[in-house]
Each structure stands twice: as structure tokens, then as C-alpha cells.
Enquirer: 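Here it is, the structure, as C-alpha cells.
Chain identifiers are assigned alphabetically (A, B, ...) following the order of the sequence lines, protein sequences preceding nucleic acid strands; residue numbering begins at 1 within each chain.
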Number of protein chains: 2
Amino acid sequence: MTSQPLARAAGERQRDADRTKAEILQVAQREFARHGYAGARVDEIAERTRTTKRMIYYYFGGKEQLYIAVLEKAYTEVRAAEQTVDVAHLAPVEAIRTLAELTFDHHDAHRDFIKLVGIENIHEAEHIRKSELLANLGAPVLDIISRILDAGQESGDFVTEADAIDVHMMISAFCFFRVANQHTFGALFGRDMTAPEHRARLRTMVGELTVAYLRAAGAPA
Amino acid sequence: MTSQPLARAAGERQRDADRTKAEILQVAQREFARHGYAGARVDEIAERTRTTKRMIYYYFGGKEQLYIAVLEKAYTEVRAAEQTVDVAHLAPVEAIRTLAELTFDHHDAHRDFIKLVGIENIHEAEHIRKSELLANLGAPVLDIISRILDAGQESGDFVTEADAIDVHMMISAFCFFRVANQHTFGALFGRDMTAPEHRARLRTMVGELTVAYLRAAGAPA
DNA sequence: CGAAAGTAACTCACTGGTTCGTACATTACA
DNA sequence: TGTAATGTACGAACCAGTGAGTTACTTTCG
């Protein structure tokens with residue numbers, strides 16, 4: 001075997017290919033998030049990578065499969081991040097408040113993902129439904145919320161008998177809307193919900209809101 | 001002047017043109033809502049109207065201007081609907097609950113509008129900003145909420161000192177998310193938030209949620 | 001051991017269909 | 001005759017996707 005750098009082993013080429021695929025996915029995520037599915041250009045993605053369009057088709061098969069791969073990667077990363085959450089050691093009120101704030105931070109930190117979700121909803125989730133990987137992606141968050149709700153009922157901290165999915169939906173709605181609709185909301189109400197001063201207050205607000213709802217009795221006075 | 005129906009007055013032709021424009025806008029709204037801005041096809045819109053593509057360009061000037069016209073019409077209608085809301089005669093708690101539920105109903109009834117808002121946010125509101133009509137569309141809803149909040153503070157029903165825009169944002173977030181994200185949420189959690197049984201519960205929930213938040217003291221217990 | 005066959009990664013040039021937009025002719029009416 | 005409205009046909013750019021090969025390495029087998 002020569003000592004020339006030209007002689008590359010198969011494993012090495014494999015790693016190169018994986019790195020290239022990862023690069024394509026990253027660039028594609030930006031492109032799809034910025035322009036939507038129809039607005040995204042495969043040529044543009046190719047141009048922003050070290051590869052060619054031909055290679056994108058070689059690796060992924062087509063625009064739609066590339067888009068689905070982007071979705072799968074994005075969702076998988078998000079779920080992985082969720083797994084690291086540990087609120088089991090906290091008292092119910094603090095646990096749900098912390099979970100709400102973590103969700104808030106998470107949405108704040110993954111703008112491209114939020115956009116992809118929005119885009120996917122415009123297409124009525126037709127691509128997600130084509131992905132087996134995503135179709136079976138039950139959310140462990142629901143387990144966490146369920147446990148917190150049960151503990152809260154037990155301790156008497158929570159009066160409202162809430163459904164875990166509803167609570168998750170409520171928290172997600174708040175966090176999602178602030179990021180996803182920042183532009184139209186900003187244009188219409190002249191307030192940038194993502195500006196630092198508003199960000200901090202709204203972060204506290206999700207927690208307060210959730211706790212207030214769970215604590216509330218039906219209708220006193 | 002002949003009595004032939006061929007002889008049509010100028011005013012009559014004008015009305016025809018207006019009717020045609022309205023028809024184009026309606027069809028265009030569906031097309032844009034379904035496929036996004038880039039995904040929408042001018043030829044498709046033309047085919048679904050009694051007009052030709054040539055006339056669309058004659059009336060609106062181009063695809064983007066047509067899209068902006070669609071946005072303007074949709075937003076104007078929504079604001080008009082909001083104007084009809086009257087909660088001034090209600091006590092603060094009932095007033096804010098009613099407002100929340102009306103917002104809920106409104107989102108429920110205008111799916112295409114919700115989609116357009118989502119699409120516009122993907123494009124970071126670039127089209128809305130090009131419209132003078134929409135740029136200056138301050139929301140009267142904020143006045144209503146402000147008055148309710150003030151009355152609630154006065155009467156002692158509300159303890160939380162909330163900002164009107166924040167409250168509006170919170171209510172909108174809940175209502176918007178349920179409709180806009182129904183597809184991905186359904187795919188991931190196996191729940192159709194727009195199904196009748198969930199719809200009713202969630203409608204009550206927005207009201208409860210808002211009231212609970214406004215009533216809540218900082219941290220009792 | 002070494003030639004031949006095989007294979008994954010990659011390049012280049014190209015195409016067929018689509019899509020926004022328009023030039024030009026024509027009609028309806030003032 | 002002039003002007004606004006409308007039909008027809010077309011162009012030019014764009015864009016997803018591919019055909020046909022090349023390179024560089026591995027495996028097979030005489």
C-alpha cells in the first residue's frame with residue numbers, strides 16, 4: 001500500500017458520503033424553511049453545498065424524499081432534546097412550570113423547525129404521513145405531563161382535571177405562535193414578540209398561565 | 001337606442017367587472033391557501049373562473065399583486081367581523097370569556113384565512129408589508145380587551161396585571177394553533193383537535209384558561 | 001499474485017414539461 | 001375615431017429529473 005493520500009479506504013469514502021449527506025440535509029433544511037416546499041430549489045441547495053444536483057438525486061432520490069428526510073432529521077433531533085428533560089424530582093407546580101419554560105426555550109431555539117412544521121401543516125401533513133419513521137413517533141412528553149398532572153391531583157395542588165394532550169397543546173400553542181406568527185403579529189400590532197424584553201415576560205407567562213389553569217377551581221364567586 | 005340586450009350601459013359593465021374580480025379573488029384565495037404562494041398556479045386560478053389568465057393580469061397586474069389583494073380582502077373581512085363583537089355590557093369575567101370563545105369560533109370558521117396567515121409568516125410577512133392598507137390595520141380588539149381588563153381590575157375580579165396585547169396573543173395562539181397545526185398534531189398525537197368532541201371541550205378551555213390566568217394571584221400556597 | 005469483474009461515488013450535458021408573463025389582434029362601446 | 005376590455009397564441013426562463021459515462025476502489029477467481 002502506498003503512503004499517498006490518494007489511496008483512500010472504503011470506510012473513508014463512506015464517511016465522506018455521510019458527511020456530504022449531512023451537509024445536504026442542513027442546507028436543504030434552510031432552503032425549505034425559507035421558501036416552503038414548492039418555493040425551494042434543488043439547484044439552489046446543490047449550489048450551496050460542495051456537491052452537485054446529480055448527487056442529491058443519487059443520495060435521496062428526489063425533491064420530495066429529500067424534504068421528508070429533512071423533516072425526519074428535524075423531528076428526531078427535537079424528540080431527542082425532549083428526552084433530556086428531567087422534571088421528575090420537582091414538585092407538581094414547579095414541574096409543570098419548568099416544562100412549559102423548557103418548551104418555550106426549545107421553540108425559541110429552533111426557528112427553522114417551527115417553520116417546517118408550519119409548512120407541513122399548509123400541506124396538511126401529507127409528507128409526514130408518508131414517513132414511517134415519523135408516523136410512529138409517539139411523544140414521551142405526554143407521559144411526563146401525565147405524571148405531573150397525577151402528582152398534582154394527589155397533592156391537591158391542581159384542582160382542574162385536565163387532559164395531558166390538552167395541556168401539551170396549550171403550552172405548544174403559546175410557544176409555537178410566538179415564534180411562528182411573529183411576522184404577521186409584528187406587522188399588525190407593532191410588537192416584536194421575539195425581542196428580548198417581551199421574550200422574558202412571555203416566558204414567565206406560559207408558566208403562570210399553565211399553573212393558573214391547573215389550579216383554578218371551576219368558577220368561584 | 002335599440003332595445004337589444006346587446007346594448008349594455010357602462011355601469012352594467014362596471015358591475016360585471018367587479019363581480020369578475022370578486023370571483024377571481026375568491027378562487028385565488030382557495031388556490032393560495034391550498035398550495036402556498038409559490039405552489040399556487042395562475043393558470044389554475046384562471047381555469048376555475050369564468051375569466052382568462054389574460055384578464056387576471058389585466059385586473060391585478062401580476063401574481064404577487066393578486067396574492068396581496070387576496071390578503072387584503074381576507075384581513076379586511078376578519079376585521080369587519082371583529083367589529084360586530086359586543087361584550088361591553090357583560091361583566092369582566094364573562095366579557096373576556098365570551099371574547100375568547102368568539103375568537104375560537106372565528107378561527108374555526110375561517111380555515112383559509114388561517115392558512116394564508118401561516119403562509120404569510122413563512123414568507124416573513126414580506127407581502128403584508130408591501131400593502132399600505134394592511135400596514136395601518138391596527139386592531140380594535142386591543143381596545144376591547146383593554147377596557148375589559150381595566151374593568152376587571154376595578155371590580156377586583158382580575159388580580160393579574162396583564163397587558164392587552166399579551167392577552168390577545170395568548171387567546172389567538174390557542175385558537176390559531178388548534179386549526180393551523182391540526183394536521184401535524186393529529187399525525188403525531190393521534191388526536192384530531194377539530195373533531196366535534198374535542199372542539200367543544202377546547203372551546204370551553206380557552207375561556208377557562210384566560211379567566212384563570214387573569215384571576216390568579218402570584219403564588220398562593 | 002494479478003487480471004478481470006463489480007460497485008459505490010461522482011461528472012457532464014441535456015431534456016421535457018411547466019409557468020409567469022406578454023405581444024398582438026379583435027371586439028364593444030363612447 | 002378613440003379607448004377600454006377581451007381572446008389567442010406564444011416566448012423565454014425556469015426547474016425537476018435523467019442518460020450515459022468516468023473514476024477509484026474492492027472483490028473474485030484463475
Enquirer: Which residue pairs satisfy the salt bridge (Lys or Arg N to Asp or Glu O under 4.0 Å) criterion with at least one member in residues 173-189 of chain A, sequence neighbours excluded?
Expert: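 Every salt bridge (Lys or Arg N to Asp or Glu O under 4.0 Å) pair that includes a residue of residues 173-189 of chain A, provided the two are not neighbours, is Asp108(A)-Arg178(A).
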Enquirer: What's the CZ-C1' distance between Arg19(B) and dT6(D), to the nearest Å?
Expert: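 Nearest whole value for this atom pair: 17 Å.
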Enquirer: Does a nitrogen or oxygen in the side chain of Tyr59(B) sit under 4.0 Å from OP1 or OP2 of dA5(D)?
Expert: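 Answer no for this pair, as no side-chain N or O of Tyr59(B) is under 4.0 Å from OP1 or OP2.
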Enquirer: Map Lys53(B) and Arg50(B) onto DNA chain D by nearest heavy atom, then report which one ends up closer to the 5' terminus.
Expert: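 Its nearest nucleotide lies further toward 5', so the answer is Arg50(B).
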Enquirer: Please state how far atom NZ in Lys63(B) lies from atom P in dT19(C), giving the value in whole angstrom units.
Expert: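 My rounded result for the distance is 9 Å.
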Enquirer: Check every strand shown and say whether Ala40(A) touches a base, only sugar-phosphate, or nothing at a heavy-atom separation below 4.0 Å.
Expert: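 Ala40(A): backbone/sugar contact only, no base atoms under 4.0 Å.
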Enquirer: Would you tell me if any nitrogen or oxygen in the side chain of Thr52(A) comes within less than 4.0 Å of OP1 or OP2 on dT11(C)?
Expert: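 Yes, such a contact exists.
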Enquirer: Any chance the side chains of Glu120(B) and Tyr75(B) put a donor and an acceptor closer than 3.5 Å?
Expert: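 No pair is found: no donor N or O on one side chain lies under 3.5 Å from an acceptor on the other.
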Enquirer: Is it the case that Glu23(B) and Thr49(B) place a side-chain donor and acceptor less than 3.5 Å from each other?
Expert: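 No.
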Enquirer: dT3(D) P sits how many Å from Tyr58(B) OH, rounded?
Expert: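 Rounded to the whole Å, the gap is 13 Å.
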Enquirer: Using atom CZ of Arg54(A) as one end and atom C1' of dT11(C) as the other, report the distance to the nearest whole Å.
Expert: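 These atoms are roughly 10 Å apart.
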Enquirer: Starting at atom CZ of Phe32(B), determine the distance to atom C1' of dT19(C), rounded to an integer number of angstrom.
Expert: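 Nearest whole value for this atom pair: 13 Å.
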Enquirer: Salt-bridged, Arg203(B) to Asp105(B), with N to O below 4.0 Å?
Expert: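 Judged by the 4.0 Å cut-off on N to carboxylate O distance, Arg203(B) and Asp105(B) do form a salt bridge.
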Enquirer: Between the main-chain N or O of Ala40(B) and the side-chain N or O of Lys63(B), is there a donor-acceptor pair closer than 3.5 Å?
Expert: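 Indeed, once roles are kept as given, a pair shorter than 3.5 Å links the two residues.
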Enquirer: Compute the ring centroids of Phe113(A) and His106(A), then answer whether they are less than 6.0 Å apart.
Expert: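 No - the distance between ring centres of Phe113(A) and His106(A) does not fall below the 6.0 Å cut-off.
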Enquirer: Taking all non-hydrogen atoms of both residues, which atom of Met169(B) and which atom of Leu202(A) are closest, and how far apart?
Expert: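 For Met169(B) and Leu202(A), the tightest heavy-atom pair comes out as CE-CD1, 4.3 Å.
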Enquirer: What integer distance in Å separates Ile56(A):CD1 from dC15(D):P?
Expert: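 It works out to 14 Å between those atoms.
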Enquirer: Expressed in angstrom and rounded to an integer, what is the separation of Met55(A) atom CE from dA9(C) atom P?
Expert: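 Atom CE in Met55(A) sits about 7 Å away from atom P in dA9(C).
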Enquirer: Which residues in residues 41-49 of chain A have at least one heavy atom lying under 4.0 Å from any atom of DNA chain C?
Expert: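 Per residue number, the list is empty: none.
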Enquirer: Check the distance between dC15(D)'s C1' and Glu31(A)'s CD and give it to me in whole angstrom.
Expert: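 It is 12 Å, rounded to the nearest whole Å.
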